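Note that the coordinates shown come from a computational prediction; the quantities given were computed from them, not determined experimentally.
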Amino acid sequence: YSYRNLPIIQPTKNPRMWGLMLFYLYKSVLNLSMYMDKNYYLKNIDNFISRTMNTYGIIFLRYSVGTIFIWFGFLKPLGISPAQDLVANTVYWFEDKISFVKFLGWWEVVIGLTMCYKPLIRVSIFLLFIQMPGTFLPLVLLPEVCFTKFPFGLTLEGQYIVKNLIIISSALVIGGTLNDYKIPEK
């Protein structure tokens, strides 16, 4: 654009018109600056929140997944896990089902501990992905326990099992942060 394309504003000798023009100019500039300031501050607040979530989100995710595995894992060897009967009935081919449940509990404790200690996260994710397919076995082997109406009506046990999708997704996110790999920009 050049100044030649701009409309020509004819000066006026009417002082009221000058006052009105200055008033509207002042009002529009003031509104624009207030709008810009508000967006500027909102953007800064949004950036601060995003940076904080980026900094601490993975740490909280790691420790929350680790805590869940330690907590739920300890319940199994103590014999007070609400999932104990479900696990024992699922692994019908084991002769000593209670020992298997205890072993599985300690396995989960190890997953939780290694998830909380950063140098061992790869071990944790490896153990987690070995264990996770087994957690879905009751959906196949004991559908009458997991479903009220197949395939969407889940019982409490079924919901307990399906929530493991969140744990799998969390492990994928945590595992994705172990290297300094950056997605290349196009």
Side-chain angles (χ1 to χ4, degrees), residues 46-148 150-186:
D46 186 51
N47 286 339
F48 171 76
I49 291 169
S50 293
R51 276 193 314 272
T52 304
M53 290 169 74
N54 189 35
T55 302
Y56 298 108
I58 297 298
I59 295 168
F60 289 152
L61 186 62
R62 267 185 37 228
Y63 283 109
S64 61
V65 169
T67 301
I68 288 169
F69 271 98
I70 292 168
W71 187 350
F72 289 10
F74 267 130
L75 296 178
K76 289 179 179 74
L78 297 175
I80 57 175
S81 172
Q84 188 162 345
D85 291 336
L86 179 66
V87 174
N89 291 332
T90 301
V91 291
Y92 60 87
W93 57 88
F94 280 96
E95 288 184 31
D96 190 5
K97 296 175 185 176
I98 299 302
S99 293
F100 178 78
V101 171
K102 289 180 180 181
F103 170 78
L104 184 62
W106 289 117
W107 182 284
E108 290 178 0
V109 170
V110 170
I111 290 172
L113 291 173
T114 54
M115 182 65 73
C116 292
Y117 185 58
K118 195 168 185 174
L120 296 178
I121 291 175
R122 286 178 178 84
V123 173
S124 178
I125 292 172
F126 176 74
L127 295 174
L128 187 144
F129 280 110
I130 289 174
Q131 185 235 3
M132 274 298 130
T135 64
F136 289 97
L137 278 178
L139 294 175
V140 177
L141 300 178
L142 302 170
E144 66 281 354
V145 175
C146 300
F147 296 99
T148 57
F150 185 80
F152 300 113
L154 294 169
T155 63
L156 192 57
E157 290 85 355
Q159 292 177 22
Y160 182 82
I161 294 166
V162 171
K163 65 99 178 93
N164 287 330
L165 292 173
I166 295 170
I167 292 176
I168 293 169
S169 299
S170 298
L172 290 172
V173 170
I174 293 166
T177 64
L178 294 178
N179 290 333
D180 291 333
Y181 175 76
K182 302 286 184 209
I183 297 173
E185 294 182 22
K186 293 180 180 181

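One finds the CG atom of N54 at 10.0 Å from the CZ atom of R51 (value rounded to the nearest 0.5 Å). Taken from CD1 in I70 to CG in L75, the straight-line distance is 12.0 Å, to the nearest 0.5 Å. The CD atom of Q84 lies 10.5 Å from the CG atom of N89; values are rounded to the nearest 0.5 Å. From I98, atom CD1 reaches atom NZ of K102 across 7.5 Å, with rounding to the nearest 0.5 Å. Here OG of S170 is found 9.0 Å from CD1 of I58. Values are rounded to the nearest 0.5 Å. Taken to the nearest 0.5 Å, the CZ atom of F152 stands 9.5 Å off from the CZ atom of F147.
Counting heavy atoms from C-beta outward, T52 and Y56 have side chains that approach closer than 4.5 Å. Side-chain contact between I161 and L86 is present, with at least one heavy-atom pair separated by less than 4.5 Å. Side-chain atoms of W93 and V91, non-hydrogen and from C-beta on, do get closer than 4.5 Å to each other. Between F136 and I168 the shortest side-chain heavy-atom distance falls below 4.5 Å.
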Given the rule in the side-chain contact (heavy atoms from CB on, under 4.5 Å) test, do Y160 and T155 qualify, once you have shown the distances and angles that lead to the verdict? CA-CA 9 Å; Y160 182 82; T155 63; over 6 Å; no
Candidate pair F94 and F103, rule side-chain contact (heavy atoms from CB on, under 4.5 Å), full reasoning: CA-CA 12 Å; F94 280 96; F103 170 78; over 6 Å; no
Given side-chain contact (heavy atoms from CB on, under 4.5 Å), test W107 with Q131 step by step and report yes or no. CA-CA 8 Å; W107 182 284; Q131 185 235 3; 3.6 Å; yes
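Across T114 and S124, no two heavy atoms sit closer than the pair OG1-CB, 3.0 Å. What you find for C116 and G66 is that their closest heavy atoms are SG-CA, 3.9 Å. Between K76 and V101, the shortest heavy-atom distance links the atoms CB-O, 3.6 Å. Across all their heavy atoms, I174 and T177 have their closest contact at O-OG1, 2.6 Å. Annotation for I121 and M115: closest pair CG1-O, 3.8 Å, computed over non-hydrogen atoms. Pairing each heavy atom of K97 with each of Y92, the nearest pair is CE-CA, 3.7 Å.
Counting non-hydrogen atoms of neighbouring residues, nucleotides and ligands closer than 6.0 angstrom, the CZ atom of F129 exceeds 12 such neighbours. Counting heavy atoms of neighbouring residues, nucleotides and ligands inside a 6.0 Å radius, atom NZ of K163 exceeds 12 of them. The number of heavy atoms from other shown groups lying within 6.0 Å of CD1 (I166) does not exceed 12.
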